[in-house]
Structures are given as structure tokens and as C-alpha cells.
Amino acid sequence: MSAVLGFVLLLSGCGGGNSNAGVQSTVEPTKEPAAATETAAPAETAKATAAAAGSTVKPVTFSYYSNYDWDTTEPWGKDSTTAWIRDNLKVNMTAVQSSGAAETKFSTMIASGSLPDVIMMDRGANVERLRQAGLLVALDEYLDKYPNLKNNAGEATLGMLRSDDGKLYQFPNWYTSSPNGNGGWIVNQKIYKELGSPKLETYDDLYAYLKLVKEKYSDVIPLEIGAKGRGLETMYGGFAENKPYLAKINPVGNELKSIFEDPVFIESMQYASKLFREKLITQDAFTQTGNQVTEKLVTGRVAVYADGDVVNPGRDANNALRTVDPEGGYDIIWPIHKAGLDPAKITPNNYNSLGWNVLVITKKAKDPEAIFSYLDWLTGEEGQRIINFGRQGLYWDETDADGVPILNEVGLNTPQSDKDKERIGRFNWVGNTTFIDQTKAKMDAQLPAEKQNWTTLAQQKVTWKTSRNFTEFVNLDPLPDSEEGTIASAVNDIFQEVYAKALYAKSDEEVLALLNKANEDANKAGYAKLLQFQTERWQNNLSKMK
């Protein structure tokens, strides 16, 4: 599925392709039904009452715009969840669509003074563009009256979201206080067993295994790295301990240095290029689509898969293969790493407490407090439970002592295909990741082992345990129309070009020559000035976090 830096947009698997903003890959709005526990006593369950539900929410109607090309906001009230919100909380929303041209639409709305009441967008430049023009509502005065955001996100996270004037204008989406992430490595279990289940821990092990796969299975891709080569960043994370997410970030001491001089980046690209020229990596890495990757996985034509999100496609592929062959399927493994490194310190996943993107309330809103009251309810326990698992009385009637829904007979017996029609989770604009991840894990644990969700198990087993807090590196982007912003655009173009060229290089020496040339070009474009700017922002983040 948002960008810490421009390059993250190129490689991130976090947001793109979703049909409605607000659902990220770590949270699944529809899932296997959870069985009601037999031991739950009445005193251990909690029953919400209709009178108390959403009692802090003020009735309101507002317009909403998602500032993404790929996102189309579905009609409000057509699904059972938003119909319940409309009827019980008296909250209505009218959508403004980007129609596939978000940047143009956004600029037109600003120029014409026709901004919607609420905008979902990336943190950073465009938020500041609106703030500096005096178009946004500061949220500070509502934080104590409606305390869910303050209590769940915490002062440290809100402090990181504050603008230079000290005020809070951004309501975070998918913020978290716990590790999350979906990236890593999965292995085709049938092929792995047929080849003797060899040790597969280091990059030396991987190289030997991929050669064996190529030798024995002519129709199988030894290593798949996803659309746009996104798996390369997952590989990068295995060449050093506690290495930050690959977003052109190369911290050395108290400074950020050139990514092109990063020995870890150089080594990872040389290794990837070696695999590519020996045809151990998919040869259409930068041209294939996500659907093509999925087709390879579900037909079992991939031996090893590395990507920024393996737990969602891995689940679908695993289920498809096991349907026709109980010995088939995929299993997640601990991240592959360079020999000699501590496996416990390999972090291909990164998270930040600020989450994915944000909502802002514009001064066009007639009643910004009412809008905030709804968003604050939505991000709280009750709102998150209803928006992610459906209204009470649909698939669940009670919760356990921890607030976890216990599915009723309808929830237990309704086919997943019918549940999907409810569109549950499609309007979670202010996701509380920690609450949802913990809740869905507890719901899954109610099921017998054969019905437990493959994704949830993979996350608990590996991906969440191999995720590093990346909060210190957020908000490093300069404004696009600033001098540093112009430099950042030029450096990003240089990086994207050399990233692909290096994979196609004929030798390690050529990889190094390409990166050296890219470094020279970046320096000519003013890279040193950009790095100084980003270093100052980084150090400012660290001060805020302290």
C-alpha cells in the first residue's frame, strides 16, 4: 500500500490498488469467522446498548475527497455498516471523486476555492500547502473533549504530526504503537520438500537453493521479486542489522549520507544483479503487473517469493494450492540474511507510529467539531469494532472481556463470499492499527487450527517480529516548489534509473560503476544540499521523539 520519501511510492506495496482508501494490507476487513468460546460466562462479556453507541458523535453531513488517482470512494449508506452509522449516529458523507486525476483535481479545487470538508491525503508537502494558505482547521481544541485520538495515538505521535506553528491539523490513519508489516519471504513447500528441505537462512543458502530449483524445475521461477522489483528492498534489509527501509536513507552517525555510497546498498544490488544474470530471478521484474505475479503464485510456479507484502498474496496462493493438493502451499520463513549477522536483528519490515496517511478538515466545513467527533469515535474501540467487523447484531452480538467480538450463528455459518458483499472495513479512514491487529488475532485464535487465517499466523510468526520502528525518518520530504524539492525530484529520477540498470548489469564491477556515476550525477544536481536539509529534519524528529 504513502511516502516517507518519493522512492517509497515507487516500491511500496502498501496502498496502491485498493478500491477504497483506509484499508491497508495489515488489516483485513473480511476474514474467516471466529467460533464463539464455550467458556464465556455472561459476566465476562460486554453487550453494547443502542442508546450508548456513538453517544459522543454530533450529527453532521460533510463532503469527503480522497487525493489518490487509484481511489474511488464508494457510496455512503449502501453497505450495512455506513447505513447503521447514518441511521444511528446521523452522520452522512457525500463523496468527491478524483476520477483518476488527483493532482489536477486537487489543484483545481484550491484555485477555485471549492475544497471539500474533509480530505484524505499523504502527510507532507500538500498538507503544508493548505496550512500555509490558511485553509485548514486546527484540531487541538477538540482533543480533550473527544479523547480517543489522544489516548490511542499518544502525545509523542501527535507531536510528530504537528506543523511548524505547533498546531495539529492532521488526523492520522493506521497509526500504531506496536510493530506491523507484511514483508518478507515465503517458500513453496512442495518444491522445498521435494528438494530435501535444505537449510535456507543465509544468502549463500539462497543462492545454492535457487540454482537447484532452476536445475530441477524448468517451468518454475526460482525467486520472484514482485511487480516493479519491490522484493529488492526486502533483500536489502538482509544485508545489515537493523537497516532502515530502503527509501534512499543512509544514516551514518548523526548525518544522512548518499545512498549511492552505502556499502549495504551496493552489496545488495551486486547480489541481486548476480541472481538476475544467472536467471535465478524473474526476468520481467520491472515490467510485470501485480496480477501476473498473483497468477504465478496461485499456480505454484514460484519457488521463493520476496516482497514488501507476502502475507496477503501468500494466503491466497496457499489456499488455492492446498485446495487441489494438501501437500502444496506456501509457508513463511524467517528473513534470509547475510552470513554472520544476527537473525534477530534483520528487519525487512518497518513501521512508524504515524501510520500511513492523514485526514484534514478544511475551513469550508460548517461544523468541524462535529466532523472531529465522528472521526474520534471511529478511531476508538467501539468505532473500530463496528467499522472493521460489522455492526452489532450482524455477525456478532457480544464481545468478550477484552472487547473482542464473539461471532454469532450467522457469523459462523455465512459463506465468506456473502460476507464480502457487506463491504465491511471499506470506510475506516482513521485506522487504529494496534487495536485492530490485536483484535483480529484474538478472533482468529478462537478457531480450530485448520480454519485459522494464514495471513494472521504469518504476521504473528514472522513479519511483526521483524519490523523496525521507522518513525524517526518520517517527514523528510521538502516542499516540491522549494530548491531542495527540485533537487529531490532530480535525485529520485537518477535513483530510479540506476536501480533498474544495476539489476541488468553484466558484472559486479559494472554495478559499482553505475552507482558511482549515479552518485556523481546526484551531487551535480545538489544532493549535498538535500542531504543537509534531510539531516536537519531527521535530527528534529529525534528531538521530538525524546
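A quick note: this is a predicted structure, and the numbers were derived from the prediction, not measured.
The structure places OG1 of Thr81 at 8.5 Å from CD1 of Ile386, a figure rounded to the nearest 0.5 Å. The line from CZ of Arg129 to CE of Met121 is 8.5 Å long, rounded to the nearest 0.5 Å. One distance of note links CH2 of Trp396 with CE of Met443; it measures 9.5 Å at 0.5 Å rounding. Atoms NZ and OH, from Lys296 and Tyr305 in turn, are 10.0 Å apart once rounded to the nearest 0.5 Å. Taking CZ of Arg301 as the start and CD of Glu224 as the end, the distance is 9.5 Å to the nearest 0.5 Å. Taking CG from Leu149 and CG from Leu378, the interatomic distance works out to 11.5 Å, rounded to the nearest 0.5 Å.
Note: Trp76 and Tyr64 fail the aromatic proximity criterion, with ring centroids not under 6.0 Å apart.
Nearest heavy-atom pair across Gln459 and Gly181 is CG-O, 4.3 Å.
Using a cutoff of 4.0 Å between basic side-chain nitrogens and carboxylate oxygens, Asp402 and Lys442 are scored as salt-bridged. The existence of a salt bridge linking Glu327 and Arg322 is excluded, since no basic side-chain nitrogen approaches an acidic carboxylate oxygen closer than 4.0 Å. For the pair Arg131 and Asp165, the salt-bridge criterion is met [side-chain N within less than 4.0 Å of a carboxylate O].
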### Task
Go through the steps for Asp117 and Ile361 under the test side-chain contact (heavy atoms from CB on, under 4.5 Å), then give the verdict.
CA-CA 6 Å; Asp117 301 326; Ile361 301 175; 5.7 Å; no

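Side chains of Ser353 and Thr157: a donor on one and an acceptor on the other come within 3.5 Å.
Aromatic ring pairs are classed by plane angle as parallel below 30°, tilted from 30° to 60° and perpendicular above 60°; the pair Trp429 and Tyr374 is perpendicular. Ring-plane geometry between Phe470 and Phe473 is classed as tilted, the angle between the planes lying from 30 to 60 degrees on a 0 to 90 degree scale. Using cut-offs of 30° and 60° for the angle between ring planes, the Tyr142 and Phe372 rings count as tilted.
Within a 6.0 Å sphere centred on NZ of Lys544, other residues, nucleotides and ligands contribute more than 12 heavy atoms.
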